[in-house]
Amino acid sequence: MTQSDAPHLVLVDGSGFIFRAFHALPPMTSPNGVPVNAVYGFTNMLARLLREHVGTHLAVVFDAGRQTFRSDIYPQYKAHRPEPPEDLRPQFALIRDATKAFNVPGIELQGWEADDLIASYATAVRQIGGTCTIVSSDKDLMQLVGPGVCMLEPIKQTAIGVPEVEAKFGVTPDKVIDVQALMGDPTDNVPGVPGIGPKTASALVNEFGTLEAVLAAAPEMKKSKRRDMLIEHADAARISRKLVELACDVPLPLPIDDLAVREMDKVVLADWLEDMGFRSVLTRLGVGHPSGAHAHRAARAAAHASVNGGGTESAAPTATPAQSEAVTAATAAAYGPYETVRTAEALQKWVSMAQEAGLCAVDTETDGLDPLHANMVGLSLATAPGKACYVPLRHEGTLEEPAGEQLTADAAINLIRPLLTDASVLKIFQNAKFDLLVFDRAGLDFASIAPVDDTMLISYAQSAGLHGQGMDELSTLHLGHTPISYDSVTGTGRNRIPFTQVPVGRATEYAAEDADVTLRLWHVLHPTLRTNQALALYEQIERPLSPVLAAMEKAGIAVDRAELGRLSEDFATRMAVMEKEIHEAAGREFNVASPRQLGEILFDEMGLKGGKRGKAGAWSTDSSVLQDLADQGHDLPARVLSWRQLAKLKSTYTDALLRQTTTEDRVHTSFQMAITTTGRLSSNEPNLQNIPIRTEEGGRIRRAFIAPKGYKLISADYSQIELRLLADVANIPALREAFELGQDIHARTASEVFGVPLEGMDALTRRRAKAINFGIIYGISAFGLGRQLGIPAGEARSYIDAYFARYPGIRDYMERMREQARTLGYVLTPFGRRCYVPGIQEKSAVRRQYAERQAINAPLQGGAADIIKRAMVRLPHALKEAGFSARMLLQVHDELLFEAPEAEAEAVAALARTIMEAAATLSVPLVVETGIGHNWAEAH
DNA sequence: CTATATACGTAC
DNA sequence: GACGTACGTATATAGG
């Protein structure tokens with residue numbers, strides 16, 4: 001290639017990309033065990049760049065060294081940046097190897113940041129009449145955008161030009177550094193001016209033109225806080241400007257001519273990709289190795305597996321050829337255009353296509369997020385990647401833009417019913433429980449929709465704790481495609497419109513894409529269930545649970561609305577009295593609900609001792625602090641504690657529950673299936689998993705959850721399930737024996753650890769043993785146990801040591817979990833659920849130890865979640881089989897709550913107990929305790 | 001006025 | 001900072 005008269009130089013911000021890719025991608029390792037996720041991201045990006053955006057010249061630019069002229073001007077600049085994580089460090093060299101493998105020049109210069117080199121090259125190429133594309137998403141480079149210089153976002157590969165920079169900073173690119181100087185940048189320790197954020201900064205620069213003009217105009221400004229800050233921090237702003245302004249006259253390590261795009265050596269590249277294990281890139285690039293590559297790699301992979309016991313397969317998207325193919329198939333087709341279906345004939349055609357395909361993705365659009373009250377506004381189907389349609393049903397349209405012909409919801413449901421109930425066609429949803437309930441409300445019984453797969457649950461079963469399970473996130477991650485966002489379709493805040501008012505054309509683009517993406521995700525994710533050994537977990541637990549939870553949510557639970565109202569009244573009256581007394585004790589009126597104001601009263605005005613400060617420097621007034629003060633005989637903190645208890649019960653429970661109770665006097669929670677890092681469910685709107693029970697006042701709220709006339713509530717809860725799992729997985733003979741014999745486990749522990757006889761054990765000793773047992777489950781620390789028991793950490797330490805000495809297997813278990821988390825990044829429950837533990841490699845001891853405790857706790861908490869889920873999947877069928885009309889209503893982690901006709905109650909309790917105790921076979925018995933009552937408190 | 005952050009407190 | 005997992009309410013603050 002010869003030097004062109006008008007070169008186009010593409011500059012890749014290598015250093016910026018490394019960090020972004022490292023944090024965006026799941027951990028992966030090369031065949032020889034080195035972490036390579038950032039290298040993988042970089043390789044993909046570079047390959048795509050070479051394919052789609054080649055200029056005449058190309059280079060990758062890196063940072064070199066941490067000392068730059070900026071740290072001379074301002075020592076704090078980037079000074080607080082921690083060392084890169086351990087998993088990233090080996091990847092810096094590998095990324096430089098990657099550029100070599102692609103035969104692209106890598107550029108770095110000691111003492112200069114990549115950004116300065118990029119600025120200098122961009123300037124140089126402009127001077128000789130050329131143009132420049134900067135591949136980076138770093139906002140600090142946006143100051144360079146202008147005639148002949150644009151940027152390219154490296155992951156989505158979207159262009160960043162003057163309009164995009166203006167959208168981001170609110171000013172033209174030449175004024176970006178002035179704005180940055182004012183607003184500062186906490187991530188780089190650029191100080192800026194306190195109190196001035198992005199909005200104010202751009203407004204000021206637009207008004208006055210430059211930073212200096214803003215600073216000059218400051219004394220005349222009206223807003224006093226802003227004026228004072230600008231004057232006081234003017235020099236900080238000037239320094240900030242020097243920090244963010246890029247140097248454009250750095251000596252160029254290589255002349256531009258040397259950056260001319262070169263041919264790559266396919267053999268070198270293919271060899272390197274093989275070494276890294278990037279088979280999918282190899283396939284996509286079509287630089288397949290002429291001979292022997294597959295055998296070569298397979299042999300190395302096998303050697304690796306034997307070293308590590310064969311259990312170290314990572315979540316890398318390159319894990320198997322089948323997965324690579326699935327990714328290729330799912331990512332090849334275009335996202336749209338999609339068809340809008342307006343007639344019975346057209347819908348019938350899509351139903352037939354789905355039946356022919358044997359599977360389809362389905363998605364519903366509604367006018368709300370509560371599936372028990374939302375109406376179906378439209379539905380979409382996808383039958384193959386890129387092939388999807390949207391069926392508008394309740395779009396309203398406007399005078400200028402009528403919605404046009406639409407099928408009625410009833411007509412569409414009747415046309416689609418044969419498809420959704422066809423046992424030979426797999427229906428794929430993202431978060432199936434929601435759509436099942438929407439269809440149910442539209443007249444299509446959710447229990448008849450089968451078979452169903454759920455991409456959210458397929459992903460969650462293998463990646464809890466690693467990333468969120470929302471469709472957009474999964475799509476970006478696995479398909480490299482960011483779907484149209486809901487917010488961009490409906491607007492946000494005051495401008496938000498209901499989906500019924502979204503124009504049908506736009507709705508089709510959005511909704512059909514959702515079904516398309518869901519189908520593609522299924523193609524990519526479902527095969528990974530097998531490779532990650534999560535197929536049984538998904539098939540036997542997560543997948544069948546959706547309709548069970550849907551039924552529970554639909555059923556809801558009855559509440560005594562009048563009683564809740566009385567409680568609210570009672571609490572309000574007593575709070576008013578207390579508030580008056582509190583104000584009198586304080587000597588003035590203040591907002592009792594404000595911790596800040598309370599802290600000032602107690603510690604500044606009244607001068608009480610024993611205050612702790614929180615991280616923001618404010619006085620802590622949490623219950624332990626107030627309790628300490630109360631114990632010293634102070635009256636005011638004791639009264640505040642009582643006030644707080646009632647305020648909590650009223651605002652969080654009685655008032656909130658009254659608001660959420662339907663006209664049928666029932667409340668319907670929503671169970672979230674893919675939120676927690678351990679596999680537990682969560683409950684929201686309202687949260688019925690944290691209804692009070694421990695105090696007398698709280699118990700009154702639980703008594704307001706009732707059985708309707710003629711019915712009873714039945715509670716069934718696992719006794720000590722997490723400790724039983726611990727005894728099982730850690731194989732502790734003494735604990736196992738205690739459970740076998742049905743002994744009081746905490747008393748037995750006390751007896752073993754403290755060497756006191758079981759007979760006549762005193763309550764305090766048992767309480768200590770109980771605290772240790774719970775502490776073990778939580779990944780005990782001497783500090784935590786000491787705080788829990790109100791004893792010095794040193795004394796707690798001696799208890800823990802005695803415990804470990806008596807049960808050495810527990811220490812082994814804990815170390816095994818730490819080690820597994822360190823080597824794999826996740827731990828497993830006994831049922832094969834993967835719980836990722838981010839942070840286990842952290843340098844900071846505090847954060848690392850936190851991750852270690854998660855690793856210890858997750859198999860126990862998660863194992864218990866697996867067991868109760870297994871019981872929940874079996875119970876509805878078992879109840880029906882036995883001829884009961886009882887319904888399961890709630891799950892609270894180790895408890896299930898049922899509602900049954902009075903006559904059935906005893907038998908239902910017995911059945912629930914049988915099913916729950918048989919839900920898993922451990923080396924210790926599972927024990928379930930049941931209770932029956934008119935209300936939840938009585939039943940529990 | 002809305003959106004976000006922090007503090008606090010329920011549950012298992 | 002300091003034993004695990006959640007969710008919701010309240011203030012306070014930032015920005016429009």
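Lettering follows sequence order; numbering is per chain, from 1. The model shown is predicted, which means the values in this text are computed figures rather than measured ones.
With sequence neighbours excluded, the residues forming a ring pair (Phe, Tyr, Trp, His ring centres under 6.0 Å) with A:Phe705 are A:Trp936, listed by chain and number. In this view, A:Tyr718 satisfies the ring pair (Phe, Tyr, Trp, His ring centres under 6.0 Å) rule with no residue, not counting sequence neighbours. For the side-chain hydrogen bond (donor to acceptor under 3.5 Å, both in side chains) test, no residue two or more places apart in sequence or in another chain qualifies with A:Arg702. The side chain to side chain contact (heavy atoms under 4.5 Å, CB included) test applied to A:Glu563 returns A:Asp560, A:Arg566, A:Leu567, A:Ala704, not counting sequence neighbours.
Taking only side-chain atoms of A:Asn591, from C-beta outward, the nucleotide of C:dG1, C:dT11, C:dC7 with the closest atom is C:dT11.
Look at CD1 on A:Ile721: it is 16 Å from C1' on C:dG4, rounded to the nearest Å. If you measure from atom CD of A:Glu895 to atom P of C:dT5, you get 22 Å, rounded to the nearest angstrom. Taking atom NE2 on A:His893 and atom P on C:dG4, their separation rounds to 16 Å, with Å as the unit. For A:Phe671 and C:dA6, the CZ to P distance is 16 Å, given to the nearest whole Å.
With 3.5 Å as the limit, one finds no donor-acceptor pair spanning the side chains of A:Thr677 and A:Tyr826.
Across all strands shown, A:Phe774 has no heavy atoms under 4.0 Å from either base or sugar-phosphate atoms. Within the nucleic acid shown, A:Ala656 comes within 4.0 Å of sugar-phosphate atoms alone, with no base atom in reach, counting heavy atoms only.
Taking atom C1' in both C:dA2 and B:dA5, one finds a spacing of 23 Å when rounded to whole Å.
Of the residues A:Glu697, A:Glu696, A:Glu938, the one that meets the salt bridge (Lys or Arg N to Asp or Glu O under 4.0 Å) test with A:Arg703 is A:Glu696. When A:Val928, A:Leu890, A:Ile868, A:Ile714 are each tested for a side chain to side chain contact (heavy atoms under 4.5 Å, CB included) with A:Leu896, only one passes: A:Ile868.
Regarding contacts with the backbone of C:dT13, a side-chain N or O of A:Arg596 is found under 4.0 angstrom from either OP1 or OP2. OP1 or OP2 of C:dA10 has not a single side-chain nitrogen or oxygen of A:Ser594 nearer than 4.0 Å. The side chain of A:Gln854 places an N or O atom within less than 4.0 Å of a non-bridging phosphate oxygen (OP1 or OP2) of C:dT5. Contact annotation: A:Tyr778 does not reach the phosphate of C:dA2 (side-chain N/O to OP1 or OP2, under 4.0 Å). For the pair A:Arg848 and C:dG1, the criterion of a side-chain N or O lying under 4.0 Å from OP1 or OP2 is not met.
Bracketed by its first and final contacts, the part of DNA chain B lying under 4.0 Å from non-hydrogen atoms of chain A reaches from B:dA3 to B:dC12 in 5' to 3' order.
Within the structure, the salt bridge (Lys or Arg N to Asp or Glu O under 4.0 Å) test picks out no pair touching residues 621-630 of chain A (sequence neighbours left out). Contacts classified as salt bridge (Lys or Arg N to Asp or Glu O under 4.0 Å) and involving residues 773-792 of chain A (residues at least two apart or in different chains) are not found. Sequence neighbours left out, the pairs with a member in residues 849-866 of chain A that pass salt bridge (Lys or Arg N to Asp or Glu O under 4.0 Å) are A:Arg818-A:Glu852, A:Arg822-A:Glu852, A:Arg833-A:Asp866.
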Hey, can you pull the donor-acceptor pairs under 3.5 Å for the side chains in residues 767-779 of chain A, sequence neighbours left out?
residue: A:Arg768; atom: NH1; partner: A:Tyr799; partner atom: OH; Å: 2.8
residue: A:Asn773; atom: OD1; partner: A:Tyr803; partner atom: OH; Å: 2.9
residue: A:Asn773; atom: ND2; partner: A:His746; partner atom: ND1; Å: 3.1
residue: A:Asn773; atom: ND2; partner: A:Thr749; partner atom: OG1; Å: 3.0

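Residues of residues 810-821 of chain A that place a heavy atom closer than 4.0 Å to DNA chain C do not occur. Contacts with DNA chain B (heavy atom under 4.0 Å) in residues 680-697 of chain A: A:Arg680, A:Gln689, A:Asn690, A:Ile691, A:Pro692, A:Ile693, A:Arg694, listed by number.
One axis for each end of the helix from B:dC1-C:dG15 to B:dC12-C:dG4, each built from five base pairs, and the angle between them comes to 0° at 10° resolution.
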